[in-house]
**Q** 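This is the structure I want to talk about, given as C-alpha cells.
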Amino acid sequence: LAKTTQPISMDSYEGQEVNITCSHNNIATNDYITWYQQFPSQGPRFIIQGYKTKVTNEVASLFIPADRKSSTLSLPRVSLSDTAVYYCLVVKAAGNKLTFGGGTRVLVKP
Amino acid sequence: GAGVSQTPSNKVTEKGKYVELRCDPISGHTALYWYRQSLGQGPEFLIYFQGTGAADDSGLPNDRFFAVRPEGSVSTLKIQRTERGDSAVYLCASSPQGGVSYNEQFFGPGTRLTVL
C-alpha cells in the first residue's frame with residue numbers, strides 16, 4: 001500500500017484557508033485518496049475522497065494533480081472548531097481496512 | 001440516526017486481567033472494523049468482520065486478542081492476560097458493505113483502556 005507523507009503540524013488563524021499537502025509517490029492505479037478528521041476524544045470522521053482532479057463538498061476541497069503522486073486538502077475559512085488531526089490515506093478500491101499515518105495536527109488560533 | 005456506540009467509554013484494569021470491549025455498529029451495516037490508537041499516533045487496524053465472520057484478522061497483535069460478532073451486529077473485542085502495552089484507545093467502525101475500503105467508515109468514540 002502506498003505510504004503517505006504529510007506535515008506533522010500546521011498553525012492557522014480563524015477565517016484563513018488551510019491547505020495540507022500529502023505525498024503518496026507509490027500510489028497504484030486503483031487506489032483512492034481519502035481524508036479523515038479526528039477531534040480529541042472522538043473517532044475519525046470521513047471528510048472527502050477523490051481519484052483525480054478536484055473534488056469539493058460542503059466541508060473541503062481535494063486537489064489531485066494528473067500524476068496523482070500528491071494531493072492537497074483545502075479547508076476554506078477555518079474556525080476554531082476546525083482544530084483537529086487530519087489524516088491522508090490511500091485506500092484500495094477493493095480493500096477492507098484503512099491504514100493511517102501520523103496525520104497533521106492543525107491548530108486554528110483566534 | 002444513531003451512530004456507532006462503544007462501551008465502556010473507559011476501562012481501567014490490572015496487568016494480567018481479562019477485558020471485553022463492546023461495539024454496537026450502525027444498524028444495517030454489514031462490515032465492522034476494530035482499530036487501536038496509541039497516544040499521538042493514527043489508528044492501527046486490528047480486525048475486520050463481514051457479517052458474522054472475521055474476514056481479515058491480520059492486525060491482531062497476538063493470540064491474547066480475539067474478537068467475535070456472533071449475530072452479525074454487535075461485536076466484542078476480548079483481551080486476555082492484559083499487559084501495560086495494551087493501553088490505548090480501541091476504536092470500532094462500521095460501513096454499509098465490506099470489501100470496498102473506499103467506502104466511508106463510521107467510527108465510534110472509542111474505549112480508552114488503561115492497564116495498570
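Below, chain A is the first sequence line, B the second, and so on; all start at residue 1. Computed from a prediction, not measured in an experiment: that's the story for all the values here.
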**Q** Tell me whether A:Tyr13 is reachable from A:Val78 by hopping between hydrophobic residues (I, L, V, M, F, W, Y) whose side-chain heavy atoms are closer than 4.5 Å.
**A**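 Cluster IDs for A:Val78 and A:Tyr13 differ.
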**Q** For the hydrophobic clusters of this structure (ILVMFWY residues joined by side-chain heavy atoms under 4.5 Å, transitively), does one cluster hold both B:Ile26 and B:Leu21?
**A** no
**Q** Applying ring pair (Phe, Tyr, Trp, His ring centres under 6.0 Å) as the test, list every pair that has at least one member in residues 47-81 of chain A; sequence neighbours left out.
**A** A:Tyr32-A:Tyr51
**Q** Measuring heavy-atom distances to chain A, does B:Ser9 have an atom under 4.5 Å in its side chain, in its backbone, in both, or in neither?
**A** neither
**Q** Is there a path of hydrophobic side-chain contacts, each under 4.5 Å between heavy atoms, that joins B:Tyr90 and A:Val85?
**A** no
**Q** Donor-acceptor check, side chain of B:Tyr33 to backbone of A:Leu98, threshold 3.5 angstrom: yes or no?
**A** no
**Q** Please say yes or no: joined through hydrophobic side-chain contacts below 4.5 Å, possibly via intermediate residues, are B:Leu46 and B:Val89 part of one cluster?
**A**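 In one cluster with B:Leu46: B:Val89, no.
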**Q** Does anything in residues 63-86 of chain B get under 4.5 Å of chain A by heavy atoms, and if so which residues?
**A** none
**Q** In Å and rounded to the nearest 0.5 Å, what is the CD to CD1 distance from B:Glu104 to A:Ile48?
**A**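 If I round to the nearest 0.5 Å, the distance is 12.0 Å.
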**Q** With sequence neighbours excluded, tell me which residues meet ring-ring contact (aromatic ring centres under 6.0 Å, His included) with A:His24.
**A** none
**Q** Quick one: do A:Val18 and A:Ile47 end up in the same hydrophobic cluster if we chain Ile, Leu, Val, Met, Phe, Trp and Tyr together by side-chain heavy atoms under 4.5 Å apart?
**A** yes
**Q** Would you say that B:Ser58 contacts A:Lys97 through its side chain, given a criterion of any heavy-atom pair below 4.5 Å between the two side chains?
**A**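 Counting from C-beta outward, B:Ser58 and A:Lys97 do come under 4.5 Å.
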**Q** State, to 0.1 Å, how close A:Pro44 and B:Leu91 come at their nearest heavy-atom pair, and which atoms those are.
**A** CD-CD1, 4.0 Å
**Q** Are B:Gln105 and A:Tyr36 close enough that some pair of their side-chain heavy atoms sits under 4.5 Å apart?
**A** yes
**Q** Counting only heavy atoms not in A:Ile8, do more than 12 fall under 6.0 Å of its CD1?
**A** no
**Q** Once side-chain hydrogen bond (donor to acceptor under 3.5 Å, both in side chains) is applied, what residue pairs with a partner in residues 10-19 of chain B remain, sequence neighbours excluded?
**A**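 Passing the test, one end in residues 10-19 of chain B: B:Tyr18-B:Glu20.
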**Q** Which answer fits B:Tyr35, side chain, backbone, both or neither, if we ask what part of it has an atom under 4.5 Å from a heavy atom of chain A?
**A**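 Contact with chain A is through the side chain of B:Tyr35 alone.
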**Q** Does any heavy atom of chain A fall under 4.5 Å from the side chain of B:Gln37, the backbone, both, or neither of them?
**A** side chain
